[in-house]
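Start at 1 and go down the list; that is how both ligands and their atoms are numbered.
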Amino acid sequence: MKAMVNIIGAGLAGLSAAVTLAKAGIGCRLFSRQSSERAQSVMAEGGINAALDTMGEGDTTAEHFSDTMKGGVYLADPNAVRGLTEGAPDIVREFVRLGVPFQMKGETLVLRNFGGQKKKRTAYAKSSTGKMLMSALIDECRKYEARGLVMRFPHHDFLSLVTEGGAVTGCAIGDTFTGDRLVFSGPVILSAGGPAGLFSGHTTGTTQNTGDAAATAFFHGVRFANLEFIQYHPTTVGISGKRMLISEAARGEGGRLFIERNGRPWYFMEEKYPELKNLMPRDVVSREIYAVCRDPECGGQAYLDMTHLSDDTWRGKLSDLREECIHFLGIDPAAEHLPVEPGIHYFMGGIWVDERHRTNIKNLLAAGECACQYHGANRLGGNSLLGAVYGGKTAAETLSREILSAPGYMEGFEHAPAGEPTVLSGNERDPAFERRLTDILMEGLGIVRSEEGMSLCIERIEALLKEDGMSDRMKARASLGLAMAKSAIMRRESRGSHFRRDCPERDDENYKKTSTAVCIDGRVITEYLDIPPLRETV
Ligand SMILES: Cc1cc2nc3c(=O)[nH]c(=O)nc-3n(C[C@H](O)[C@H](O)[C@H](O)COP(=O)(O)OP(=O)(O)OC[C@H]3O[C@@H](n4cnc5c(N)ncnc54)[C@H](O)[C@@H]3O)c2cc1C
């Protein structure tokens with residue numbers, strides 16, 4: 001069997017890793033539950049950040065760095081964030097070279113405002129940025145596929161890691177069409193997206209990202225970090241058992257939030273935050289909406305007002321968003337106000353990785369939304385597409401450096417991995433169990449949290465874990481949920497997306513730290529790690 005790198009997940013992070021490996025002449029297999037064309041990355045609307053300073057505002061990568069650190073309330077690894085923000089302009093230029101139809105004015109790339117950032121820094125392709133970036137990388141992958149450097153396996157599920165002596169030697173994969181179980185040797189990059197499926201019905205994310213890949217890795221001893229930080233996007237609308245996103249671009253282009261108070265519209269964000277107004281970071285806007293909707297003087301429903309936007313803005317910048325609202329909601333936002341409420345949108349936490357995207361397990365790397373890197377306690381809009389591309393690239397570069405600098409590295413994988421993979425029992429999904437777990441998690445891990453709510457959540461998950469008939473798969477999901485709740489209760493402060501009614505202040509002295517969680521023999525153990533200091537640049 002030829003040893004190749006195994007990439008689990010073919011969204012932006014997985015494709016970016018595959019292309020980077022292929023460019024270095026290293027072969028890879030790209031496994032995904034669905035084809036790349038259907039990955040969540042395709043849904044991204046608003047844009048990708050890079051301090052390209054094309055708008056004459058004097059933007060710099062140093063400001064992108066400081067906005068990202070500030071947005072994440074200083075929990076992100078500053079060295080990793082510096083790499084990300086300094087690498088961003090070249091990433092966007094490369095996408096321009098690949099033909100992504102970003103918004104242009106003459107020869108100039110147009111950048112837009114996004115939340116938490118004072119300068120225009122977000123490049124976009126109408127409301128289809130994710131789709132356009134994905135198309136460009138899919139085409140790149142096809143080029144390398146023709147040369148035998150990338151092998152794509154859509155409709156293949158990740159079943160488990162294969163390990164020997166504490167190091168990853170391969171992975172077990174299920175062909176979802178034939179039902180065959182296949183074992184492949186080689187190092188593994190996990191890029192299976194965020195665990196949206198743990199919060200089914202409450203998230204804007206795709207339900208194909210069930211969270212099973214993350215749960216399985218967690219159950220096998222992979223360390224996770226910052227799991228308490230779950231981003232609620234302020235403007236979502238409930239539709240068919242999920243939440244439809246009204247992109248931040250709507251506010252970036254002038255959309256205004258309001259609620260009826262004493263019979264008059266109250267533009268609460270503009271009154272409370274005169275500097276950034278409707279473009280405050282997402283956690284702040286979400287909590288404000290949560291609070292005003294519970295204010296007895298107000299009407300109970302917040303709205304987004306875009307009726308004043310010009311025809312040019314609708315046509316040139318928000319046409320897809322308008323079409324989607326008309327098609328899916330039956331509301332034309334150019335003429336009517338959109339009723340909005342916060343919904344789960346992004347997981348800042350995930351698999352713990354170092355600056356080079358290595359996990360705590362040898363030969364296992366992780367990138368994209370399934371990994372915890374760059375966003376700290378809260379992510380800035382436009383930074384996750386960037387983080388997925390840059391993270392996939394960095395993980396692949398780390399591996400290629402090891403592979404190329406250690407002759408024989410890949411030959412070490414050429415024998416079939418020893419032993420049977422420890423595939424979790426009960427691979428069938430159990431919707432009733434998943435629903436119960438989601439309900440418990442939602443009670444403990446909402447926008448506003450409390451000791452009482454989180455303790456109850458932990459108690460109920462622990463009781464669930466003791467029930468008869470729990471398969472390993474169910475236990476893995478419940479254990480990951482438990483790790484989220486335990487990480488949340490351990491942090492006795494409010495920071496970024498983690499807001500506690502009982503500890504409303506930020507406490508840098510005790511909690512300017514990364515929370516981590518591991519599962520050892522079914523027990524979830526949490527602890528804090530120090531954040532690395534910013535190194536001097538050479
Ligand atoms: C509606 C919406 C709009 C967004 N807009 C923006 C934006 O404008 N700007 C921005 O920066 N970010 C945005 N985001 C966030 C951003 O899209 C994601 O964070 C990013 O695309 C994640 O990329 P990824 O490669 O990590 O994961 P994904 O694109 O989710 O890809 C995950 C891959 O893993 C595969 N997979 C999942 N589970 C398994 C399994 N068990 N076995 C095998 N394969 C599996 C999937 O099939 C898929 O191929 C948005 C998110 C949403 C939901």
Exercise for review: Determine, stepwise, if the pair Glu37 / Arg142 fulfils salt bridge (Lys or Arg N to Asp or Glu O under 4.0 Å).
Suggested key: CA-CA 13 Å; Glu37 287 80 354; Arg142 288 202 174 120; 3.0 Å; yes
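Leu12 counts as a contact of ligand 1, since one of its heavy atoms falls under 4.0 Å from the ligand. Residue Met134 places no heavy atom under 4.0 Å from ligand 1. Ligand 1 lies out of reach of Asp212, whose nearest heavy atom is not under 4.0 Å from it.
For Tyr374, the side-chain hydrogen bond (donor to acceptor under 3.5 Å, both in side chains) partners are His357, not counting sequence neighbours. In terms of the side-chain hydrogen bond (donor to acceptor under 3.5 Å, both in side chains) criterion, Thr394 has no residue partners (sequence neighbours excluded).
Considering backbone and side-chain N/O atoms, Ile8 never comes within less than 3.5 Å of an N/O atom of ligand 1. Note: no N/O pair closer than 3.5 Å links Gly14 and ligand 1 by distance alone. Close N/O approach between Gly47 and ligand 1 is found [any backbone or side-chain N/O within under 3.5 Å]. At a 3.5 angstrom cut-off on N or O pairs, Arg33 counts as close to ligand 1.
In this structure, the protein non-hydrogen atom closest to atom 53 (C) of ligand 1 is Thr204 O, 3.5 Å. At the shortest separation from atom 4 (C) of ligand 1 among protein heavy atoms lies Ala44 CA, 3.4 Å. Atom 14 (N) of ligand 1 has as its closest protein heavy atom Ser384 OG, 3.9 Å. Of the protein's heavy atoms, Gln208 OE1, 3.2 Å lies nearest to atom 46 (C) of ligand 1. Distance from atom 28 (P) of ligand 1 to its nearest protein heavy atom, with residue and atom name: Ser41 OG, 3.8 Å. For atom 52 (C) of ligand 1, the closest non-hydrogen atom on the protein side is His345 CE1, 3.4 Å. Among protein heavy atoms, atom 42 (N) of ligand 1 sits closest to Phe158 N, 2.9 Å. Protein heavy atom closest to atom 11 (O) of ligand 1, with residue, atom name and distance, is Leu385 N, 2.8 Å.
Contacts with ligand 1 closer than 4.0 Å are made by backbone heavy atoms (N, CA, C, O) of Asn383 only, the side chain lying farther away.
Of the listed options Pro154, Gly205, Ala192, Ala13, Ala192 places a heavy atom closest to atom 37 (C) of ligand 1.
Ion pairing between a basic and an acidic side chain is recognised when a charged N comes within 4.0 Å of a carboxylate O; Lys120 and Asp59 show no such pairing. Arg495 and Glu228 are not joined by a salt bridge, as no carboxylate oxygen comes within less than 4.0 angstrom of a charged side-chain nitrogen. Salt-bridge annotation for Arg33 and Asp157: present, with a side-chain N of the basic residue lying under 4.0 Å from a carboxylate O of the acidic one. A salt bridge between Lys143 and Asp139 is absent, with no side-chain N of the basic residue lying under 4.0 Å from a carboxylate O of the acidic one.
Taking a cut-off of under 4.0 Å to the non-hydrogen atoms of Gly11, the atoms of ligand 1 that pass are 25 (O), 29 (O), 31 (O), 33 (C), 49 (O). Shown in contact with His156 at under 4.0 Å from a heavy atom are these atoms of ligand 1, numbered in order with element: 43 (C). Close approach of ligand 1 to Leu245 is summarised as follows: ligand atoms under 4.0 Å from at least one heavy atom of the residue are 1 (C), 2 (C), 3 (C). Near Gly368, the atoms of ligand 1 lying under 4.0 angstrom from a non-hydrogen atom of the residue are 26 (O). Heavy-atom proximity to Glu45, at under 4.0 Å, picks out these atoms of ligand 1: 5 (N), 8 (O). Each of the atoms 19 (O) of ligand 1 lies under 4.0 Å from some heavy atom of Tyr346. Listed by atom number, the atoms of ligand 1 under 4.0 Å from Ser191 heavy atoms are 32 (C), 33 (C), 34 (O). Contact atoms of ligand 1 toward Arg379: 10 (C), 11 (O), 12 (N), 13 (C) (distance under 4.0 Å to a heavy atom of the residue).
Nearest heavy atom pair, residue Glu248 against residue Gly115, reads OE2-N, 2.6 Å. When all heavy atoms of Met280 and Val285 are compared, the closest pair comes out as O-CG2, 3.2 Å.
A heavy-atom distance below 4.5 Å is not found between the side chains of Gln208 and Gln40.
Classified by interplanar angle (parallel below 30°, tilted 30° to 60°, perpendicular above 60°), the ring pair Phe153/Phe31 is tilted. Using a 30° and 60° split on the angle between ring planes, Phe177 and His155 fall in the parallel class, below 30°.
Judged by a 6.0 Å distance limit and a 45° cone about the ring axis, Arg379 is positioned over the six-membered ring of Tyr346.
Using a 3.5 Å distance cut-off with no hydrogens or angles, the side chains of Asn209 and Thr206 do not pair a donor with an acceptor.
Of the candidates Arg121, Lys119, Gln117, Arg121 is the only one forming a side-chain hydrogen bond (donor to acceptor under 3.5 Å, both in side chains) with Asp67.
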